[in-house]
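None of these values were measured; they are calculated from a predicted model.
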Amino acid sequence: MGHHAHQPLNETESEHDMTDTTELSARWTTRLTELAARHSVPGAGLAILHRGEIVAEAAAGLANTEAGIETTTDTLFQIGSISKVWTTTVAMALVDEGVLELDAPIVSVLPELRLANDELTQGVTLRHLLTHTSGIDGDLFTDTGRGDDCLEKYVALLGDVTPNHPLGATMSYCNAGFTLLGRVLEVVTGVQWDELMRERLYRPLGLTHTATLPEEVLRFRAAIGHLGSPPAQAPMWGLMRSAGPAGLICSTPREVLEFARLHLDKGVTGDGTKLLSEESVAAMQTPQVEIPDPHILGDAWGLGWFLDTWDGHRVYGHDGGTIGQNAYLRVLPEAELAICLLTNGGDTSGLYRDVYAEIVRELAGVTMRTTIEPATEPVAVDPADYVGVYQRLSSRVEIVERDGGLVMVDRITGPLAELAPDTEKEYELHPVEPGLFVVQRPGFELWVPVVFYTLDDGTPYIHHGGRATPKVG
């Protein structure tokens, strides 16, 4: 497909390619089954795109443990926030067409927009939304119904939400900003978001197993999320419809890689249709803002994509997490390699690391970035620098001193609390260096960073889970 298709020199070469793919798929089916079991992941799907070809597809375990539905390569998983890059791609296509401008105030195309204060309402731009720098609190999970007006109704609620940082002052992962973006796209195109994705992406890319609405997904074999340890089936399948542009696309690993191929092939589809300019593809992969916590996803955000470097090789990608489903997409452009892993519970981050480390080493000779761990030597920590309450819309974090160490008491608050099985958790903070700690969640082997930092205006903040939370007391 695409620019990489080549005529076989003779029949044996094309047969050889075929055998390689079959062998690699068979090997990864075995390996994925082993690794998924090791990490208590009920079901997983994997695909690898290398030098223009899908060289492997694999599936393991159960898509739904209670119903006993096996995972196949055609099983649809929720790709979660990887959807944000799809929404961004359509936004950038509209920038190419001159319908939208990256740095024009959104209020110029959405005059009814009312945010928490005038500065934010008048100042927020498309670029702020695509880089998670608007300061709009991202975790307003209000269900505004199933109607085609759900995004419009959601955006009308944003005026009541206190920002968690001043416009452009830092980066804080923002779901709400992508629902707002989805509404902007509806207004400028006159097409409802779910349909717009079909028109602008699914159909041109030839995707047959990609959908957002449950009634569309029901036509296929579909995974359900599993929560807890050991993983048990989640009480609900999906999130509210208003979260669509931020995270409701469902797809297969192969079809997610068809989307990635569009970006590897500079905005051109397999049949030669130009969906996105080369400039916009490049802009999406250009660092726009540093991530205050460079240790977990990447060190910078582009437009839509997060950006990283592994072993001197550029990497761009995105993750997704919905109700018990986790999705992973990474692209190594210099190696012409893209990998998608979709999962439905258990220690998915541990599985992701094992799978990707093996693939990038084998196919690109690249060593994956090492994970962050607690310091082995003592670190001088003055608890007074850290203790206090840090708060935003759906989260209240208290850092307390206990037995000479620091503990993070993490409470989920607001509408999000209704979706969470446990609203309060405690984690011991293990120092890495001054200002940088790690915590470990039960059932997960990876350490997760907690970064303490200060904005230019002097306000102390925590960056954790991609989000910026101000100190309030």
I would like to know whether Q288 and T131 meet side chain to side chain donor-acceptor pair (under 3.5 Å); could you show each step before the answer?
CA-CA 7 Å; Q288 307 281 326; T131 55; over 6 Å; no
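- No hydrogens or angles considered: nothing links the side chains of E119 and N117 as a donor-acceptor pair under 3.5 Å.
- Note on R114 versus E112: no salt bridge recorded, every NZ/NE/NH1/NH2 to OD/OE distance being 4.0 Å or above.
- Using modelled atom types and a 3.5 Å distance limit, the side chains of T208 and E255 yield a donor-acceptor pair.
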Under the criterion side chain to side chain donor-acceptor pair (under 3.5 Å), I'd like the reasoning laid out for D271 against T269: C-alpha separation, chi angles, the key distance, then a yes or no.
CA-CA 5 Å; D271 69 3; T269 68; 2.6 Å; yes
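- Under 4.0 Å is where a charged nitrogen must lie from a carboxylate oxygen, and between R441 and D347 no such pair does.
- Between the side chain of T133 and the main chain of G168, no donor-acceptor pair closer than 3.5 Å is present.
- Ring centers of Y173 and H463: at least 6.0 Å apart, outside the cut-off.
- The residue from L158, V155, I106 that alone fulfils the side chain to side chain contact (heavy atoms under 4.5 Å, CB included) condition with R183 is V155.
- Legend: residues meeting side-chain hydrogen bond (donor to acceptor under 3.5 Å, both in side chains) with H295, ordered by chain and number and at least two apart, are absent.
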Go through the steps for D308 and R330 under the test salt bridge (Lys or Arg N to Asp or Glu O under 4.0 Å), then give the verdict.
CA-CA 10 Å; D308 203 3; R330 296 292 181 278; over 6 Å; no
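- Note that the OG1 atom of T89 and the CG atom of L276 stand 6.0 Å from one another [nearest 0.5 Å].
- To the nearest 0.5 Å, the span separating OG1 on T459 from OH on Y453 amounts to 10.5 Å.
- Atoms CG and CH2, on L207 and W86 in that order, are 5.0 Å from each other to the nearest 0.5 Å.
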May I have the step-by-step check of side-chain contact (heavy atoms from CB on, under 4.5 Å) for I339 and L46, ending in yes or no?
CA-CA 7 Å; I339 310 162; L46 171 71; 3.8 Å; yes
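- At least one side-chain heavy atom of Q78 sits under 4.5 Å from a side-chain heavy atom of W237.
- For the residue pair T348/Y328, the side-chain donor-acceptor check at 3.5 Å is satisfied.
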